[in-house]
Number of protein chains: 2
Amino acid sequence: MPRQSHARASAPKKPTKQERLMAAAVRLFSRQGYAGTSVRDLGKALGIQPGSVYAHIDSKHTMLVQLIDSGIDQYLDAVAELPGTPTEQLRHFVEAHVRVVAEDVNRARVVYHQWRHIQPPDRARIVAKRYAYEQRLRDIIDAGIAAGEFATDLDRSTAVRAVLGMVNWCPEWLPADGSEPSEVVGAGLADLVLASVRVGHGAHHP
Amino acid sequence: MPRQSHARASAPKKPTKQERLMAAAVRLFSRQGYAGTSVRDLGKALGIQPGSVYAHIDSKHTMLVQLIDSGIDQYLDAVAELPGTPTEQLRHFVEAHVRVVAEDVNRARVVYHQWRHIQPPDRARIVAKRYAYEQRLRDIIDAGIAAGEFATDLDRSTAVRAVLGMVNWCPEWLPADGSEPSEVVGAGLADLVLASVRVGHGAHHP
DNA sequence: CCTACCGATCGGTAGG
DNA sequence: CCTACCGATCGGTAGG
């Protein structure tokens, strides 16, 4: 067993202190929350003094903003262009979302829940991005209804929120489910989503 | 049922200071998180001095434990006995869960996310209760598969987590959706859930 | 990146 | 329920 375990395999990526701080922030904000994480915790994670943290960051709040900004962008990028029919697009949407969650479940949890700690003026931009992502899903579902692929009596809002609920809950149990590859999990969730919105599954609630 | 100190049955009851503190904690923990809420915030909400808060509570942590303990019990009680076939039970489960969420979305958010701030030894009991609730849903789904009402190729774990995700995400959007009664929302979500697990909706992912 | 430090705030207590 | 206070910790800064 080599002492330099992860030394440059293909790309010599040595993380900067700033990158290491951001990685520590993801882990700590996820487990203890933004308010429950001190700048001293971040320094301790890198083995430096509390005051030294500010040689690499502007403020604790700026770290949160950058983390969530880039985090939401990962989701937006992943579903920006989806090929195929609305049915296929919806499958791709769910699978892409689960893939991004699985890449870093801690980051996912921070993006979903810690945005409430973001203060104006950054907050407005974050909320707008979240809405844009929801709108992306809504458009797919609308197209599916219009194309006759999804049930015509489907309630758009309920469907959008049900799908987002399913995929956004993943970080709560994905880590404890390391046995299954995330692609399998994503495909399984996509199956359930498609079954729930597809036409021909019988009458809805009377 | 344990003792109720001096509560009048079916009368306009005047909340005690302790009850008012718990109500304030629900609201503040939900919006700012447990760590982001100070005992001074709680005192301010009741118009009393910070130190006076301790005339009514033991500690901030005890408030969180009591809040989440009784909160989870609400969910367990709501689904303890569900009539009918597995299909009907699953519908009742979703509708009952959404009803409890709608009763107090702030409390729901605290129950779902702030339990991570609970320290041992209380933590073990909370985690066990959460697992018991999940097990309750798993049993219904297993019964539905065994009875031939749900798809035989349904993945139990995925189905359980998908359903929990849908209903547990409700507090994120229910407050913004005040126009629709929660019973309608619950029925709509139950429709989607039943459609996703029911037999005869076509082949799953190849 | 360290030492040394700032004023503010934290959860909680003593003694009325 | 108040006044007065405790030691600990907070986010952040000055000056090397």
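Chain letters run A, B, ... following the sequence lines, proteins first, then strands; residues in each count from 1.
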With respect to the phosphate group of [N], does any side-chain polar atom (N or O) of [X] fall under 4.0 Å of OP1 or OP2?
| X | N | result |
| --- | --- | --- |
| B/Lys17 | D/dC1 | yes |
| A/Ser52 | C/dC2 | yes |
| B/Ser38 | C/dT9 | no |

Distance alone, cut at 3.5 Å: any donor-acceptor contact between the side chains of [X] and [Y]?
| X | Y | result |
| --- | --- | --- |
| B/Asp41 | B/Ser38 | yes |
| B/His113 | A/Tyr112 | no |
| B/Arg31 | B/Thr37 | no |

Exercise for the section: Let me know, please, whether A/Asp58 or A/Asp41 comes out on the 5' side of the other along DNA chain D by nearest nucleotide. Expected result: A/Asp41
Problem - Complementary nucleotide of C/dG15, counting Watson-Crick and G-U pairs under 3.5 Å - result: D/dC2
Completion exercise
Any strand, both distances under 3.5 Å, Watson-Crick or G-U wobble: D/dT9 pairs with C/dA8
Practice task
Using a 4.0 Å heavy-atom cut-off across all strands, classify A/His61 as base, sugar-phosphate, or nothing.
Solution key: nothing
Practice task
For B/Thr62, answer base if it contacts any base atom (sugar-phosphate contacts may also be present), sugar-phosphate if it contacts only those atoms, and nothing otherwise; contact means non-hydrogen atoms under 4.0 Å.
Solution key: nothing
Value in whole Å for how far the [atom2] atom of [N] lies from [atom1] of [X]:
| X | N | atom1 | atom2 | result |
| --- | --- | --- | --- | --- |
| B/His56 | D/dC2 | NE2 | P | 9 Å |
| A/Leu42 | D/dT9 | CG | P | 17 Å |
| B/His117 | C/dC10 | NE2 | P | 16 Å |
| A/Arg40 | D/dG12 | CZ | P | 11 Å |
| A/Lys60 | D/dT13 | NZ | P | 14 Å |
| A/Leu46 | C/dC2 | CG | P | 10 Å |
| B/Tyr54 | C/dA14 | OH | P | 13 Å |
| B/Lys44 | C/dG11 | NZ | C1' | 15 Å |

[X], nearest nucleotide to its side chain (from [options]):
| X | options | result |
| --- | --- | --- |
| A/Gln49 | C/dC2, D/dG12, C/dG11 | C/dC2 |
| A/Ile48 | C/dC2, D/dC10, C/dG12 | C/dC2 |
| B/Ser59 | D/dG12, C/dC1, C/dG12 | C/dG12 |

Handout entry: Salt-bridge criterion met for A/Asp139 and A/Arg136 (N-O under 4.0 Å)
Key = no
Exercise for the section: May I ask you to say whether B/Arg109 pairs ionically with B/Glu172, meaning some side-chain N is under 4.0 Å from a carboxylate O? Expected result: yes
